[in-house]
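Naming convention: chains lettered A, B, ... in sequence-line order (proteins, then strands); numbering from 1 in each chain.
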Amino acid sequence: DSGVTQTPKHLITATGQRVTLRCSPRSGDLSVYWYQQSLDQGLQFLIQYYNGEERAKGNILERFSAQQFPDLHSELNLSSLELGDSALYFCASSVAGPYGYTFGSGTRLTVV
Amino acid sequence: AQSVAQPEDQVNVAEGNPLTVKCTYSVSGNPYLFWYVQYPNRGLQFLLKYITGDNLVKGSYGFEAEFNKSQTSFHLKKPSALVSDSALYFCAVRDGGSGAGSYQLTFGKGTKLSVIP
């Protein structure tokens, strides 16, 4: 157990629907990062939050949004889902300083 | 902007042989370098990191990595490969800034390592 908790582990939904992915960071970590991993695109950075504030945006679609709450957990909202959104979505957390990330085990989203 | 290149999509090695997974980087200032491993349907797990100090860094599961500043490389190595080492390996870099919440890791595309029995 890495200490980063992602729910749900698996999600199957239809095109056009909206889903919410949840992430609880490791205790003490203030930064949360969201990544999308698909077979053809590799590991794509979506967005970063630090202590409740958005800090960086990557290749995140306008149909996607995220937020970090006062208790530091984060949610990634995906709307108007398309078949191409099927992927593994990872959350990672970190502390300030020369450290890397701790990753959760991911949410596998399948859009049918 | 920082970047990472993993020139090999796949590396095949026989069990018991030494393995090398290559990584080169580009970053302004001093680099912080990382290797992660991903097993099927799992998240990325930290293997090792280089921050400063000795150019040879030792990590988990018998892996090590050699930092070469002149060649801007950070190759992952293991003296004797195991079948259980078969996985996807990612190299990552960040710059040396330490402002709270201000850095992101940039990942390579990953290298699939297959260790053949």
Side-chain angles (χ1 to χ4, degrees), chain A residues 1-6 9-10 23 25-26 28-60 68 72 74 87-108 110, chain B residues 1-10 23 25 27 29-53 57 59-60 65 67 74 87-112:
Chain A
D1 182 6
S2 68
V4 178
T5 303
Q6 286 189 251
K9 293 192 183 303
H10 302 277
C23 169
R26 198 178 55 165
D29 288 357
L30 299 180
S31 278
V32 169
Y33 308 80
W34 286 97
Y35 283 82
Q36 179 193 58
Q37 186 180 34
S38 57
L39 283 176
D40 56 344
Q41 294 291 327
L43 198 62
Q44 297 285 315
F45 169 65
L46 295 178
I47 197 164
Q48 177 203 357
Y49 280 83
Y50 175 78
N51 203 19
E53 295 185 359
E54 180 184 305
R55 279 302 175 98
K57 263 186 175 180
N59 300 320
I60 189 167
Q68 187 179 28
L72 301 178
S74 178
L88 264 171
Y89 291 84
F90 287 108
C91 167
S93 70
S94 73
V95 295
Y99 305 106
Y101 297 171
T102 301
F103 279 84
S105 57
T107 294
R108 180 172 292 281
T110 303
Chain B
Q2 56 200 36
S3 65
V4 173
Q6 293 182 242
E8 301 153 318
D9 290 337
Q10 176 143 1
C23 171
Y25 67 90
V27 68
N30 294 322
Y32 293 169
L33 295 156
F34 304 83
W35 276 101
Y36 287 82
V37 60
Q38 184 182 27
Y39 298 100
N41 298 314
R42 303 287 296 275
L44 279 69
Q45 298 177 33
F46 171 80
L47 272 182
L48 52 79
K49 67 180 178 184
Y50 172 83
I51 304 299
T52 187
V57 178
S60 307
F67 171 66
F74 189 56
L88 190 58
Y89 291 81
F90 290 92
C91 181
V93 67
R94 56 156 284 199
D95 62 31
S98 60
S102 64
Y103 74 87
Q104 300 88 38
L105 291 184
T106 298
F107 287 85
K109 292 189 173 183
T111 298
K112 183 179 180 181

Asker: Chain A heavy atoms under 4.5 Å from B/Gln45: which part of the residue, side chain, backbone, both or neither?
Answerer: neither
Asker: Which answer fits A/Gln37, side chain, backbone, both or neither, if we ask what part of it has an atom under 4.5 Å from a heavy atom of chain B?
Answerer: side chain
Asker: Relative to chain B, which segment of A/Phe45 carries a heavy atom at a distance below 4.5 Å: side chain, backbone, both, or neither?
Answerer: side chain
Asker: Below 4.5 Å from any heavy atom of chain B, which atoms of A/Tyr49 appear? Answer side chain, backbone, both or neither.
Answerer: neither
Asker: Establish, from distance only, whether the side-chain atoms of B/Thr111 and B/Glu8 form a donor-acceptor pair under 3.5 Å.
Answerer: no
Asker: Between B/Tyr25 and B/Phe74, is the ring centre distance below 6.0 Å?
Answerer: no
Asker: Closer than 3.5 angstrom, by distance alone: can the side chain of B/Gln6 be matched with the main-chain N or O of B/Gly110 as a donor-acceptor pair?
Answerer: yes
Asker: Output yes when a side-chain donor or acceptor of B/Gln2 lies under 3.5 Å from a complementary backbone atom of B/Val93, and no otherwise.
Answerer: yes
Asker: If you count heavy-atom pairs under 4.5 Å with chain A, which of B/Phe46, B/Tyr36, B/Phe90 comes out on top?
Answerer: B/Tyr36
Asker: For atom CD of A/Glu53, decide whether the heavy atoms of other residues, nucleotides or ligands shown that lie under 6.0 angstrom number more than 12.
Answerer: no
